[in-house]
A.B. asks: 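Below you will find the structure I want to go over with you.
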Amino acid sequence: MAKELAKQYDPKNVEDRIYNFWLKGNYFHAKNEPDKKTYTIVIPPPNITGQLHMGHALDNTLQDILIRFRRMQGYDTLWLPGTDHASIATEAKIVEKMREEGVTKEEIGREKFLERAWDWKEKYGGTIIKQLKKMGSSCDWERERFTLDEGCSKAVREVFVRLYDKKLIYRGNRMVNWCPCCNTSISDAEVEYEEKDSNFWHLLYTVKETGEKLELATTRPETMLGDTAVAINAEDERYKHLHGCHCILPLLNKEIPIVCDEHADMTKGTGVVKITPAHDPNDFEVGRRHNLPVVRTFTYDGHLTGKKEKEEADAYIASGRAAADEPEVLDCGKYAGMTTLEARKAILEDLEKGGYIKYIEPIKHEVGTCYRCHTSIEPMVSKQWFVKMQPLAEPAIEAVEKGETVFVPDRFTKNYLNWMRATRDWCISRQLWWGHRIPAWYCPECGEMTVSREDVKKCPKCGAAVEQDPDTLDTWFSSALWPFSTLGWPENTQDLKHYYPTNTLVTGYDIIGFWVSRMIFSAIEYTGQVPFDTVLIHGLVRDALGRKMSKSLGNGIDPLKIIDEYGADALRLTLATGNSPGNDMRFSDDKVGASRNFANKLWNASRFILMNLGENTELTLPSELAIEDKWVLSLYNNLVKEVTDNLEKFELGIAVGKLYDFIWDIFCDWYIELAKIRLQDGGENADNAKRVLVYVMTGILKLLHPFMPFITEEIWQTLPHEGESIMVSAWPEFNEELCFDSEEAEMDRIMTAIRAVRNRRAEMNVAPSKKAKVYVASSYTDTFSKAGVFMKRLAGASDVEVGSEFDVANSVSIVTADATIYIPMGELIDFAAEKARLTKELEKVQKDLDFVNAKLSNDNFISRAPANVVAAQREQQAKYIEKINMLKESIEKIG
RNA sequence: GGUCGUUUAGCGCAGCUGGUAGCGCACUCGCUUGACGUGCGAGUGGUCACAGGUUCGAGUCCUGUAACGACCACCA
């Protein structure tokens with residue numbers, strides 16, 4: 001029964017309904033079928049603070065394409081979704097909201113704060129999940145996870161304790177990146193460098209023993225109160241006499257040693273460096289080498305330390321519980337309580353007054369900033385937890401070198417290896433409350449530390465009540481476990497056995513260091529296997545001008561708005577089209593418009609088919625196939641092979657490009673037009689055409705389904721079909737029986753002829769309504785005798801005569817490689833113009849022939865090029881010669 | 001400073017293992033052709049950044065140069 005469909009496709013009438021239909025059918029759920037091959041993707045968990053942006057849209061479109069493709073291929077397919085608690089980002093948002101209410105974290109305390117955080121998660125954490133559903137994502141929502149849920153938390157503790165027992169996690173006073181705004185340490189990976197204008201302040205420190213003034217430069221004069229040495233290079237001739245001497249630190253009037261260290265580079269500046277072990281990473285190392293005191297002069301919220309801080313620190317050290325490397329704290333006196341910026345100003349003023357500044361040199365400087373708030377980070381000595389990286393990195397490097405995990409495209413392998421080889425110990429503790437609390441308990445009585453899987457109440461040594469470490473773990477610590485913690489690890493669950501290791505990880509190149517590398521080393525350490533076999537890297541989605549989409553620029557494009565205006569399928573098609581792994585892409589309304597048009601084209605093709613279908617059109621191919629049927633089936637069959645191949649190689653952009661071309665150019669513009677002839681004739685011929693139309697259309701819909709799931713399902717449901725849903729129907733397979741090479745070649749000749757006639761008619765401004773008789777002279781008389789009906793329909797022919805040769809007076813002649821076509825047009829023709837046209841064409845073909853002749857007369861070419869290439873050129877040559885002869889003949893006829 | 005990437009029609013991009021350059025948009029001309037004007041037909045437009053090299057033959061491989069971009073890096 002023919003159904004009435006709207007003239008234009010409206011995604012709003014379709015998408016939500018179809019999505020609910022899929023949910024009801026439970027098609028997304030992975031059934032854990034032991035004998036089936038699996039295909040697994042774990043989603044890069046979006047932050048619960050997140051709103052869907054174009055990056056997510058791209059990432060999830062690619063994943064859904066792969067998942068839907070494999071599901072249709074018959075794999076037991078799992079796409080495991082979830083969200084990340086995003087410690088810093090979420091905590092910052094909640095603190096922000098509390099500020100509006102006039103409350104601080106400290107006022108309400110840890111417990112109340114966490115209550116608020118969980119409330120917040122319940123309220124907003126689901127937003128991004130809803131948005132992913134709008135995109136059509138076929139995730140297994142029954143398996144949705146959260147990095148802070150019970151299972152993931154258990155995995156985190158297990159890992160922490162195991163690493164601690166292996167001495168791969170340690171606690172110590174180390175140099176960390178401190179964000180005075182977020183009030184926490186952050187890892188090296190979380191520091192972003194920005195170029196800022198700054199100065200070198202060239203300072204003069206007096207040498208106690210000789211009284212000379214030593215010049216040294218610094219970009220951070222506010223740290224000078226914490227200087228505990230001045231370094232020179234042992235080899236530096238200029239300063240050999242100063243070995244063992246001391247400097248008088250300005251302002252504090254304190255004696256500090258001059259040390260010899262390789263860090264002092266003779267070729268740079270004056271070769272003299274001030275050493276501030278508490279507030280500079282290099283100086284920290286120098287300090288360790290020379291056993292220098294570490295004097296902290298900044299508070300953790302970015303102010304200079306004063307009496308209070310000093311007394312606290314002194315008391316702690318005096319208690320005997322502090323580690324040997326506990327830093328001292330300085331009472332900065334008049335500077336105490338100033339922010340670092342205020343202190344810089346005040347200290348510079350005082351240095352100036354004292355004559356300690358030689359000169360100021362303006363420079364551009366890469367300054368480390370916090371990736372969250374972009375506040376300049378302060379390097380600071382602080383007691384933190386670290387993961388010892390080297391023993392973990394080594395097997396992770398080896399696994400990738402051996403190809404156990406491959407990056408697509410390959411160039412990111414190097415990126416990964418560089419990152420892994422250069423990585424330093426990972427600072428994992430954060431001075432935040434939202435996150436996995438560090439499972440370490442301290443005894444206030446005897447100082448004993450207990451690290452445990454279970455909560456600890458009493459000190460196992462002295463029995464006193466213990467306190468848990470107040471800090472939480474870096475968000476990425478739990479993300480690193482995501483591929484297996486979500487499958488049940490450390491329990492050996494059915495899911496873990498069946499779906500792990502996973503197959504493909506899809507993510508952007510900006511996150512390789514943060515996340516991908518940490519998953520790889522974590523997985524190898526705890527599960528003994530790499531977490532996935534392939535990492536598919538995609539680029540950034542930029543705006544139409546190629547700029548990064550950012551909040552500050554305000555150039556972000558909201559995917560939901562795009563979906564609202566154009567539909568999710570159009571958005572997905574836009575993101576997939578032209579996408580090549582690892583490369584950035586530009587996004588513009590124009591492109592989405594083109595995608596929307598394509599959806600509409602597909603819609604109308606199906607509308608046409610439906611309008612013509614009878615009661616019971618069979619789903620199989622008819623036994624009688626016409627030349628155009630064989631042609632389109634042959635091309636379709638080839639398409640199946642290529643698209644499948646492209647998808648298997650992650651060439652999603654290429655695959656969808658081929659589909660687009662086939663559907664629009666081959667199927668719609670040619671096949672449907674040709675099929676109309678038989679449809680209008682009616683009878684058995686029409687029935688055969690209908691069956692081929694349905695067959696090819698169904699195949700196209702399946703191939704396109706991973707890219708455009710909604711519209712393909714909607715159309716598939718209205719067409720005759722078997723099964724419940726296209727998304728669980730079988731992926732088309734290449735079929736030897738549908739290879740029709742000779743029909744492809746014949747149709748090629750016919751189509752070339754039709755195009756040539758159309759071309760000539762257009763050039764001569766012949767009205768489309770004006771029909772004319774056409775004579776086709778060709779050695780392929782069999783082929784062209786089949787083409788009569790086609791030419792009548794598509795080339796404005798009133799009648800077609802086919803023969804090996806014609807002599808048609810007063811005619812236009814059109815020469816193709818395989819035929820000469822004559823159209824008598826009487827007075828309508830300007831013979832002079834016609835002759836000029838033919839002459840021009842002759843010149844062009846002659847040029848082509850010259851090119852081929854040159855090749856064929858080259859002995860080197862003949863002897864060295866492969867035989868088939870030479871043969872092809874000979875064939876080409878013969879065609880050109882033939883064409884030239886025909887053109888010459890036509891010119892002569894005009895006279 | 002190091003590593004990597006990009007450079008092909010006005011714009012946005014494809015071009016796999018080397019065999020006389022393609023797509024979309026835009027542009028020009030024509031079309032109420034019974035699926036679609038979100039459409040149909042026909043066109044215009046490129047010495048494939050530059051310079052060398054390998055090869056019978058290079059957008060495609062090698063070397064170098066330039067511009068732009070990304071990532072990494074402790075430059076006091």
Side-chain angles (χ1 to χ4, degrees), chain A residues 5 7-9 175 193 200 216-220 231 263-265 268-276 280-285 365-366 368 379 409 411-412 414-415 418-419 422 509-510 512-513 539-540 544 546 548 566 570 577-580 582-588 590-591 593-612 645-646 649 651 653-654 657 660-661 665 668-669 672-673 676 680 755 758-763 765-769 793-796 847-848 851-852 854-855 858-866 868-870 872-873 876:
Chain A
L5 292 177
K7 219 170 170 182
Q8 286 185 352
Y9 174 64
M175 182 58 55
Y193 289 86
F200 272 143
L216 50 83
T218 180
T219 54
R220 297 169 66 225
H263 172 58
D265 186 335
K268 282 176 187 162
T270 55
V272 186
V273 196
K274 72 188 215 33
I275 302 299
T276 324
D280 182 280
N282 291 308
D283 295 2
F284 181 75
E285 296 302 324
H365 190 55
E366 292 284 322
R411 65 174 187 272
F412 289 101
K414 207 163 175 181
N415 186 319
N418 287 343
W419 197 91
Y509 54 67
D510 49 335
I512 293 175
L540 258 42
K548 218 170 180 169
Y566 298 93
T577 300
N579 183 285
S580 61
N583 289 353
D584 291 353
M585 64 185 305
R586 297 191 191 194
F587 192 93
S588 66
D590 284 357
K591 289 186 181 180
S595 300
R596 186 264 325 264
N597 293 354
F598 177 73
N600 194 51
K601 185 76 183 170
L602 189 71
W603 180 254
N604 276 290
S606 75
R607 202 161 71 94
F608 171 79
I609 293 172
L610 283 167
M611 284 168 66
N612 283 284
D645 194 44
N646 289 136
K649 292 196 296 200
E651 297 166 341
I654 295 173
Y660 184 101
D661 289 345
D665 301 340
C668 292
D669 287 349
I672 287 183
E673 292 308 316
K676 282 176 182 172
Q680 281 166 14
R755 286 199 193 96
R758 284 170 170 173
N759 172 344
R760 182 55 55 86
R761 288 176 57 111
E763 273 183 355
N765 290 321
V766 179
S769 53
R793 177 136 198 132
L794 302 178
K847 244 187 188 167
D848 289 343
F851 187 88
V852 177
K855 252 187 181 179
N858 181 342
D859 288 343
N860 278 326
F861 176 73
I862 302 291
S863 57
R864 300 198 193 190
N868 61 327
V869 173
V870 177
Q873 291 295 320
Q876 196 64 250

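Quick note: numbers below take in every heavy atom, side chains included, and nothing from hydrogens, waters or symmetry partners. Here the structure is a predicted model, which is why all the values come from computation and not from measurement. Below, chain A is the first sequence line, B the second, and so on; all start at residue 1.
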A.B. asks: Could you state the CD-C1' distance from Gln8(A) to A35(B), rounded to the nearest angstrom?
C.D. replies: 12 Å
A.B. asks: Between G12(B), A73(B), A14(B), spot the one nearest the side chain of Ser580(A), thanks.
C.D. replies: A14(B)
A.B. asks: By the 4.0 Å heavy-atom rule, please label Asn600(A) as base, sugar-phosphate, or nothing.
C.D. replies: base
A.B. asks: U20(B), G19(B), A76(B): which one has an atom nearest the side-chain heavy atoms of Val852(A)?
C.D. replies: U20(B)
A.B. asks: Using the P atom as the reference point in each nucleotide, state the distance between A49(B) and G10(B) in Å, no decimals.
C.D. replies: 13 Å
A.B. asks: Quick one: the side chain of Glu673(A) and the base of A35(B), do they pair up donor-acceptor inside 3.5 Å?
C.D. replies: yes
A.B. asks: When you measure from the side chain of Arg586(A), which nucleotide among A14(B), C13(B), G19(B) comes out closest?
C.D. replies: C13(B)
A.B. asks: Strictly distance-based, threshold 3.5 Å: is any side-chain N or O of Asn600(A) a donor or acceptor partner for the main-chain N or O of Tyr9(A)?
C.D. replies: yes
A.B. asks: Need one value for Asp848(A): base, sugar-phosphate or nothing, where a base atom within 4.0 Å counts as base even if backbone is also close, heavy atoms only.
C.D. replies: base
A.B. asks: What about Lys601(A): does its side chain form a donor-acceptor pair under 3.5 Å with the base of C36(B)?
C.D. replies: yes
A.B. asks: With no hydrogens and no angle check, is any side-chain donor or acceptor of Asn583(A) less than 3.5 Å from a backbone partner on Gly539(A)?
C.D. replies: no
A.B. asks: Look at the side chain of Asn597(A) and decide which nucleotide, out of U38(B), U3(B), A76(B), has an atom nearest to it.
C.D. replies: U38(B)
A.B. asks: Tell me whether Phe851(A) is stacked on the nucleobase of U20(B), counting only the six-membered base ring and applying the 5.5 Å and 30° thresholds.
C.D. replies: yes
A.B. asks: Should the pair Lys676(A) and Phe608(A) be classed as cation-pi, given the thresholds of under 6.0 Å to the six-membered ring centre and 45° from the axis?
C.D. replies: yes
A.B. asks: Where the side chain of Thr218(A) is concerned, which of A76(B), C29(B), G19(B) is the nearest nucleotide?
C.D. replies: A76(B)
A.B. asks: Check the orientation of Tyr660(A) and Phe598(A). Use parallel for under 30°, tilted for 30 to 60°, and perpendicular for over 60°.
C.D. replies: parallel
A.B. asks: Take atom P in C23(B) and the same atom in U65(B), then report the distance between them in whole Å.
C.D. replies: 36 Å
A.B. asks: Nearest to the Lys855(A) side chain among C31(B), C29(B), G19(B), which nucleotide is it?
C.D. replies: G19(B)
